[in-house]
Peer 1: 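I'd like to ask you about the structure that follows.
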Amino acid sequence: MWSRMLYIILLESSLELIPREIWGHPAVVANARRRGRKPGEMILDTSLHYHAMKELRFREKRGRPDIVHISLLNALSSPLNLEGRLRIYIHTIGDYVIFIRPDTRLPRNYQRFIGLIEQLFREGRVPPDSSRPLLYIKEMGVEELIDSLGKKLLLLSETGTLVSPDYIVDEAVEKDYVVGIGGFPHGDFSRRLYRLADNIYSIYSKPLDTWIVVSRIIEAAERKLGIYNVARL
């Protein structure tokens with residue numbers, strides 16, 4: 001096991017089952033009927049359930065599972081992960097944590113990814129009968145996750161001090177931080193995360209998509225940890 005690694009958590013990610021309060025909405029009922037599923041077994045997706053979501057609390061942060069999908073495809077396919085130097089966790093807006101084995105190969109197709117995540121919420125692990133699952137999920141607050149990793153939280157926020165990705169990785173690797181990146185499209189972190197964070201930084205003066213931030217932090221870690229250790233031409 002490598003001693004120096006990068007740890008990332010996608011925080012308050014837009015990944016959840018359809019909440020009970022909108023199970024009866026016509027858009028949800030129609031979608032469930034088409035798929036032959038119960039409403040509470042399906043992943044909330046604003047592209048399908050936009051009208052049903054209008055009355056949900058914090059609706060601007062919800063219903064975007066594609067953010068997690070793209071970010072994980074990026075992270076798990078990176079040289080940093082292929083070299084065993086990355087651990088990434090998904091903390092959801094509903095306070096669940098998804099643990100991902102580094103050798104997991106997620107479906108590239110979005111609908112297959114959604115089916116996989118629905119199975120994960122239903123069964124608790126994927127594959128369901130494996131003693132070493134590729135993914136498993138636990139109801140867990142981010143505080144408990146960070147404690148279990150023995151680390152402190154470095155939070156990336158638009159309101160943070162502007163620094164380079166290389167500076168963030170230096171802090172994370174040398175001072176035992178886990179890097180927290182928002183897994184939602186709009187809005188802000190809850191106050192509890194700001195209270196939990198030891199340091200709050202930003203890597204750009206304008207908002208960036210989650211998967212772009214993930215890619216820039218991973219690229220900086222690849223430089224720092226010598227993943228591209230080749231002779232200069």
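Keep in mind it's a predicted model, so treat the numbers as computed, not measured.
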Peer 1: If we only count heavy atoms from C-beta on, is the Arg108 to Ser77 side-chain gap below 4.5 Å?
Peer 2: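 Heavy-atom side-chain distance check passes, below 4.5 Å.
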Peer 1: In terms of heavy-atom contacts, does OH of Tyr50 have more than 12 from other residues, nucleotides or ligands at under 6.0 Å?
Peer 2: no
Peer 1: Are any side-chain N or O atoms of His91 and backbone N or O atoms of Leu10, one a donor and one an acceptor, separated by less than 3.5 Å?
Peer 2: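 A pair under 3.5 Å: no.
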Peer 1: Mind checking whether His69 and Phe113 have parallel, tilted or perpendicular rings, split at 30° and 60°?
Peer 2: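 Plane angle under 30°, so parallel.
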Peer 1: Decide, yes or no, whether a salt bridge links Glu41 with Arg122 under the criterion of side-chain N to carboxylate O below 4.0 Å.
Peer 2: no
Peer 1: Please lay out, stage by stage, how Lys61 and His186 fare under the test side-chain contact (heavy atoms from CB on, under 4.5 Å).
Peer 2: CA-CA 5 Å; Lys61 293 177 66 172; His186 303 291; 5.9 Å; no
Peer 1: Does Ser157 use its side chain to pair, donor to acceptor, with the backbone of Thr159 at less than 3.5 Å?
Peer 2: yes
Peer 1: Donor-acceptor check, side chain of Arg125 to backbone of Ser130, threshold 3.5 angstrom: yes or no?
Peer 2: yes
Peer 1: Output yes when a side-chain donor or acceptor of His25 lies under 3.5 Å from a complementary backbone atom of Met53, and no otherwise.
Peer 2: no
Peer 1: One thing to verify: whether Lys224 and Asp166 come together as a salt bridge, which I'm taking to mean a side-chain N less than 4.0 angstrom from a carboxylate O.
Peer 2: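 So Asp166 does not pair with Lys224 through a salt bridge.
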Peer 1: Side chain to side chain contact (heavy atoms under 4.5 Å, CB included) with Ile217: which of Leu80, Leu156, Leu86?
Peer 2: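 It is Leu156; the other options fail the test.
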Peer 1: Surrounding CZ of Arg57 (heavy atoms of other residues, nucleotides or ligands, distance under 6.0 Å), is the total greater than 12?
Peer 2: no
Peer 1: List, one per line, each side-chain donor-acceptor pair under 3.5 Å for residues 208-216, sequence neighbours excluded.
Peer 2:
unit_1, atom_1, unit_2, atom_2, d
Thr210, OG1, Gly182, O, 2.7
Ser215, OG, Trp211, O, 3.4
Ser215, OG, Ile212, O, 2.7

Peer 1: How about CD on Glu174, more than 12 heavy atoms from neighbouring residues, nucleotides or ligands closer than 6.0 Å, or not?
Peer 2: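 Atom CD in Glu174 is packed in, count exceeds 12.
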Peer 1: Tell me if the centroids of the rings in Tyr167 and Tyr201 come within less than 6.0 Å of each other.
Peer 2: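 Ring-ring flag for Tyr167/Tyr201: true, centres closer than 6.0 Å.
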Peer 1: Please tabulate, one pair per line, all N/O donor-acceptor pairs under 3.5 Å involving side-chain atoms of residues 141-150, not counting sequence neighbours.
Peer 2:
unit_1, atom_1, unit_2, atom_2, d
Glu143, OE1, Arg192, NH2, 2.9
Glu143, OE2, Arg192, NE, 3.1
Glu143, OE2, Arg192, NH2, 3.4
Ser148, OG, Leu145, O, 2.6

Peer 1: For Tyr96, what residues pass the ring pair (Phe, Tyr, Trp, His ring centres under 6.0 Å) criterion, not counting sequence neighbours?
Peer 2: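 With sequence neighbours excluded, Tyr96 shows a ring pair (Phe, Tyr, Trp, His ring centres under 6.0 Å) to Phe121, given in chain and number order.
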Peer 1: Check for me, please, whether Ile18 and Ile67 land in the same ILVMFWY cluster - side-chain distances under 4.5 Å, paths through other members count.
Peer 2: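 Different clusters.
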Peer 1: Could you tell me whether the side chain of Ile218 reaches within less than 4.5 Å of the side chain of Ile8, counting heavy atoms only?
Peer 2: yes
